[in-house]
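For clarity, every value in this text was computed on a predicted model and none was experimentally measured.
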Amino acid sequence: MTMASNGLALQANIYDRFMCAISTASLTPHDPHFGIVADGQIHRFRVDGDKAGSLNGWYVLHLDGKPFGAFGSWKTGQSISWSAEKPETMTAAERAAQAARMARVIAQRDSLRQEVELEAEKRAQQLWDRSRPATDDHPYLRKKAVHAYGIRQLGENLIIPLRDSTGRLRSLQFITPGGEKRFLTGGRKSGCYYSIGKPSGRLCVAEGYSTAASIYQATGYATAVAFDCGNLRRVAQSLRGKFPRLQLILCGDDDWATPGNPGRRYAEEAARAVGGYLALPLFSRRGA
């Protein structure tokens, strides 16, 4: 084997290992002809299973020096670094050089993420302006027996706005008549929420809109929609910063049939993080 062919083989091996790492993290590219570009720049891609048109996956790969890269998903929040060699086999100087390059990658990633979020914000505002107030007659709301508290409708889909603690519109959630939910591609979700009612003394935090609306209807307590259990803690912390004296009640979903019970676990973590109370549903007969 010539030196040139040996170099190509080593490069192909690095590509294969890098792609294997991406797939192992459940971020397999949707395109079967997807190919890695090792130019030190961030590239976006559609993750298998994501909706058409989404480019939530990202990666960057450097081949110069000690090959290294990083990849992740803006949808899940994953950010994983990768190196062709184990850090313990490198010299101190090599580790320092790679750390410096990784810091530049992170800065590049964050800058691109901000651009993506700003694009999504503009799109969210355009769609919000085109929508109309939702009514209680929407099939999803009738099924859940809750009211339309300030939410809107575009076509047949409900639209729930995601706002940060300053009230800035960051993204949108769409709910179909059948209950399928999706978020605006590229929009920010972390720490964003939708408010029902005005806080006075206490404030509840729940996962989905229908749960939050049910709590508000039953108690009259203002309730924030965190949209999923993984966002409960960030929303609770954001609200604690905005309302330091309010009593926060984390209303978790008891996912007792799901391994690890994420609804309960994340709600407990959020309650501990902000010194709040925990509220969970009671089932008279589980599995019924």
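V60 and M102 fall within the same hydrophobic cluster, defined by Ile, Leu, Val, Met, Phe, Trp and Tyr side-chain heavy atoms under 4.5 Å apart, directly or through other members. At a threshold of 4.5 Å between side-chain heavy atoms, the hydrophobic network of Ile, Leu, Val, Met, Phe, Trp and Tyr places F227 and V146 in one connected group. In the hydrophobic clustering of ILVMFWY residues, with side-chain heavy atoms under 4.5 Å counting as a link, I175 and L141 come out together. I80 is not connected to I42 by any chain of hydrophobic side-chain contacts under 4.5 Å among Ile, Leu, Val, Met, Phe, Trp and Tyr, and they are in different clusters. Using a 4.5 Å cut-off between side-chain heavy atoms of Ile, Leu, Val, Met, Phe, Trp and Tyr, with links allowed through other members, L248 and I215 fall into different hydrophobic clusters.
Heavy-atom minimum distance, P67 versus I14: CG-CD1, 3.5 Å. For the pair G191 and V235, the tightest heavy-atom approach, listed with the atom from each and the gap, is C-CG2, 4.0 Å. For the pair P199 and L203, the tightest heavy-atom approach, listed with the atom from each and the gap, is CG-CD1, 4.4 Å.
For the pair L112/W58, no side-chain contact is recorded, criterion being any heavy-atom separation below 4.5 Å from C-beta on. Looking only at side-chain heavy atoms (C-beta outward), L232 and V205 come within less than 4.5 Å of each other. Looking at heavy atoms from C-beta onward, D129 lies out of side-chain contact with Q126 at the 4.5 angstrom threshold. Using a 4.5 Å heavy-atom threshold, the side chains of P177 and N157 count as touching.
Side-chain atoms of N261 come within 3.5 Å of backbone N or O of D255 as a donor-acceptor pair. Looking only at distances, no side-chain donor or acceptor of Y221 sits under 3.5 Å from a matching main-chain atom of G201.
Below 30°, between 30° and 60°, or above 60°: for F71 and F18 the angle between ring planes is above 60°, a perpendicular geometry. The aromatic rings of Y216 and Y149 sit perpendicular, their planes meeting at an angle over 60°, well past the 30° parallel limit.
To the nearest 0.5 angstrom, I22 atom CD1 is 5.0 Å from F45 atom CZ. Annotation: the span from Y193 atom OH to T223 atom OG1 amounts to 13.0 Å, rounded to 0.5 Å. Here the straight-line distance linking atom CZ of R132 with atom CZ of R152 works out to 9.5 Å at 0.5 Å rounding. The distance from the CZ atom of R264 to the CG atom of L280 is 5.0 Å, given to the nearest 0.5 Å.
With salt bridges taken as basic N to acidic carboxylate O contacts below 4.0 Å, none links E119 and R123.
Side-chain contact check for D110 and Q114: no donor-acceptor pair (N or O, by modelled atom type) lies under 3.5 Å.
The local environment of NZ in K143 is sparse, with at most 12 non-hydrogen atoms from other residues, nucleotides or ligands closer than 6.0 Å. The environment of R234 atom CZ is sparse: at most 12 non-hydrogen atoms of other residues, nucleotides or ligands sit within 6.0 angstrom.
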